[in-house]
Amino acid sequence: MALSRVCWARTALWVSTVTPGSYVNRRLQLVRYGLAWGDPRSSKLHLSPKADVKSLISYVVTKTKVINGKYHRFLGRHFPRFYILYTTFMKGLQMLWADAKKARRIKTNMWKHNIKFHQLSYREMEHLRQFRRDVTKCLFLGIISIPPFANYLVFLLMYLFPRQLLIKHFWTAKQQIDFLDIYHALRKQSHPEILCYLEKIIPLISDAGLRWHVTELCTKLQRGTHPAIHDILALRECFSNHPLSMNQLHALQLKALSRAMLLTPYLPSFLLRHRLKAHTTVIHQLDKALAKLGIGQLTAQEVRSVRAGLQYQPHSLVGS
């Protein structure tokens, strides 16, 4: 009993020497970290669990941002080339995720309001078309990565052949410009072959007027003169019947058209014909949507994309 009285006396003396402000601060810290003695319900300084969780989350987020910033600066200083690849990959994932959410919103809206694909606006139609192609390429990479240790080979192939294996979200700014130029050059290489096949077919056209129009069109193209719209529309009937309709084209002609539309030419003839029909149908629908929107409403990036790789208006005649 005497010993306990001495302990209580020392405790009271210590408490009396501590200033009220420091005691409150110490008590508050103990309460926040769950170290306070006594029943927490009886304490007026007890903080709510929600406030503790929010403060902890904000602290973790702040620290994570600081560490992430230091990590980025470290990579940028010591590994600049790897840092470019790293940032491009992370930004690509964010853009791909944003595209997926936008595509989901468009599909949900189509389902709710019973809207068909050809009834969408130009930008929504183009977004769904491009997102499907991107997903197909990603699925292909996922499938070839399934075998054991194949993912290491896939990473190497993606680094060596980014244009063929990666979608545009994972290209650097320089690669986007260079690859669009390459695609434009590939399209140009196939044009003389298509023109040569067209000249060979001219004698098979039964209508004399159409035969003359096709000859004039080939002459203008060979001279480097861009044909007028009415010159092309005058040949609409010619591409709908024998010998220039899609069902009448030979394998070499189908391959040349596939290369001009940046489609894989290394497929059987019936698959090439099916893909060309589906592709030209989508192109025709995009033509209508773009005419409804107005070319003047396109952004600079959309104009560059159309100019470099999606010049589809002349090819819509094939699907007519």
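Just so you know, these numbers come straight off a predicted model, no measurement behind them.
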SB check E126 R129 (cutoff 4.0 Å):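 Yes, E126 and R129 are salt-bridged.
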
K91 atom NZ, over 12 foreign heavy atoms within 6.0 Å: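 Open: at most 12 neighbouring heavy atoms sit under 6.0 Å from NZ of K91.
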
Neighbour count >12 (heavy atoms, 6.0 Å) for atom CZ, R104: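 Counting neighbours around CZ of R104, 12 or fewer heavy atoms of other residues, nucleotides or ligands fall under 6.0 Å, so no.
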
Polar contact flag, side-chain donor to acceptor under 3.5 angstrom, D99-H169: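 Judged by distance alone, the side chains do pair up.
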
Contacts of type salt bridge (charged side-chain N to carboxylate O under 4.0 Å, His left out), residue D178, not counting sequence neighbours: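 Salt bridge (charged side-chain N to carboxylate O under 4.0 Å, His left out) check on D178 returns K174.
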
Contacts of type salt bridge (charged side-chain N to carboxylate O under 4.0 Å, His left out), residue R259, not counting sequence neighbours: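 Testing R259 for salt bridge (charged side-chain N to carboxylate O under 4.0 Å, His left out), a comparison that skips the adjacent residues, returns E193.
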
Reported CG-to-CD distance for the pair L217 and Q222, which is rounded to 0.5 angstrom: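 Rounded to the nearest 0.5 Å, the CG-CD separation comes out at 10.0 Å.
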
Geometric class of the Y183/W171 ring pair [parallel <30°, tilted 30-60°, perpendicular >60°]: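 Aromatic pair W171/Y183 classed tilted.
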
Parallel, tilted or perpendicular, as decided by the 30° and 60° cut-offs, for the rings of H127 and F131: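 F131 and H127: parallel rings.
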
Sub-6.0 Å ring centroid separation between H78 and F74: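 Ring centroids of H78 and F74 are less than 6.0 Å from each other.
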
Flag, side chain of R211 to backbone of I205, donor-acceptor distance under 3.5 Å: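 Flag set: sc R211 to bb I205 pair under 3.5 Å.
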
Enumerate donor-acceptor pairs with a distance under 3.5 Å from any side-chain N or O in residues 145-161 to protein atoms, sequence neighbours excluded.
unit_1, atom_1, unit_2, atom_2, d
S145, OG, L141, O, 2.7

